[in-house]
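The first residue in the sequence is number 1, and the count goes up from there. Counting starts at 1 for both ligands and their atoms, following the listed order.
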Amino acid sequence: MRAGAVFPGKRKVEIVSLDEPEITSPHEVKLRMLEVGVCGTDREICSFRHGTPPEGYEFLVLGHESVGEVVETGSGVSRVRPGDLAVPMVRHSCPDPGCVACRSGRQDFCYSGNFRERGIKQLHGFMTGFVVDDEHYIHPVPGELREVAVLVEPLTIAEKALIQINAIQRRLPWGSTSNPTDHRNRAVVLGAGPVGLLGAMALVNAGFETYVYSREEEQNPRSDVANAIGAKYVSSHATTIRQLASLAGNIDVVYEAAGASQTSFELLEALGTDGVFVLTGVPRHGEPISIDADRLAHNLVLKNQVILGTVNAGPDAFEAAIRDLGVFYRRWPDALRALITRRYPIERFCEPIFERSGIKNIIVLDGKSGC
Ligand SMILES: [Zn+2]
Ligand SMILES: [Zn+2]
């Protein structure tokens, strides 16, 4: 079967040929891969900034955002059946017996750093015909979500953030709202990429009055999605962060999904009383920026603020993402579909990685790469 792969040593990105994987233990599941989403992580791996092939290989098969169809199960599998639609998890537990996170099935909180990740670190990804994995890394998805299920994995980032925001705001006995007149929390999403827009959907759905703050002009496909779901799109060209803060009022949550440190720290200064600031983007390390540290520390203490970084996602966030994607699909079918800009056959998998156009681009596998 064919696969889209990167050779970090030779600095090449090309189609490779692989043997079809077989089930070798009772708890394994075989998936026929249907679609794989492309994101900034793939772009970085294909620019050789990170990405590690599995032991014994000089290439790494790409693809971590995916959906497949179960075609075969081991004798002990109970979570899925052949014919089910399913989304596999990206991160696999580390082998360290002392890592309580991985030993608890929460490799997203791994202490050792020796976890492996599909399509990123020491495990082949999903941009190929078939994949075999242990059932506890496989999440079944309702069949009616077929056309959007590839968005489950990027949505898990927001779901893990929301689970943590809820845990933190349980410190507020009045239900975490700053706005007693309509009991709605205010959230600002920084960045209007797929992670930002899916985060905005999750926040609107959770009852937040949501602002999406991004660098695109007021009229563009990203702002259309934000406005269609009932969020307010605010362009950084037209509105400063100070103006945004006076527009929004007390900002209870900032969901950062841009990986831009300068803007993040400017927005941190605008975080409201009892607010939570969640960072999900990984900035490229550039020139140091200057920040007013005294003022930030002053605000953190006197306003009871929390800054939180979050990466990857656990099984609870996958389940929440699958549930909420169904809610979004019924509530905003056109806006959700509009996140997917184009679908490409595997022969052209390099185009969406390097050309970078639209919101989210997808590689269609549909079993054809199994030939
Ligand atoms: Zn991704
Ligand atoms: Zn671990």
### Task
Examine distances only and state if a side-chain atom of Asn220 and a backbone atom of Glu217 form a donor-acceptor pair shorter than 3.5 Å.
yes
### Query
Do Glu216 and Tyr233 have side-chain N/O donor and acceptor atoms under 3.5 Å apart?
yes
### Query
Under the 3.5 angstrom rule, does the side chain of Arg222 hit a backbone N or O of Leu339 as a donor-acceptor pair?
no
### Message
Which of the protein's N, O or S atoms come within less than 2.8 Å of the Zn ion (ligand 1), not counting waters?
### Response
Cys39 SG, His64 NE2, Glu65 OE2
### Task
Any chance you could pull the hydrophobic cluster mates of Tyr111, using side-chain heavy atoms under 4.5 angstrom and chaining through other members?
Val100
### Message
One pair to check against salt bridge (charged side-chain N to carboxylate O under 4.0 Å, His left out): Glu35 and Arg343. What are the steps and the verdict?
### Response
CA-CA 9 Å; Glu35 293 187 336; Arg343 288 179 158 85; 2.7 Å; yes
### Message
Short of 2.8 Å from the Zn ion (ligand 2), name each protein N/O/S atom, waters not counted.
### Response
Cys94 SG, Cys99 SG, Cys102 SG, Cys110 SG
### Query
Would Glu266 and Arg242 satisfy salt bridge (charged side-chain N to carboxylate O under 4.0 Å, His left out), going step by step from the backbone distance to the final call?
CA-CA 9 Å; Glu266 282 171 27; Arg242 197 178 289 263; over 6 Å; no
### Task
Give a yes or no on whether Leu197 and Val148 share a hydrophobic cluster (residues Ile, Leu, Val, Met, Phe, Trp, Tyr; joining criterion: side-chain heavy atoms under 4.5 Å apart).
yes
### Message
Assess the residue pair Arg337 and Asp334 against the criterion (salt bridge (charged side-chain N to carboxylate O under 4.0 Å, His left out)); give the C-alpha distance rounded to whole Å, side-chain angles, the decisive distance to 0.1 Å, and a yes or no.
### Response
CA-CA 5 Å; Arg337 278 189 206 110; Asp334 294 335; 3.1 Å; yes
### Query
Partners of Glu153 by side chain to side chain donor-acceptor pair (under 3.5 Å), sequence neighbours excluded?
none
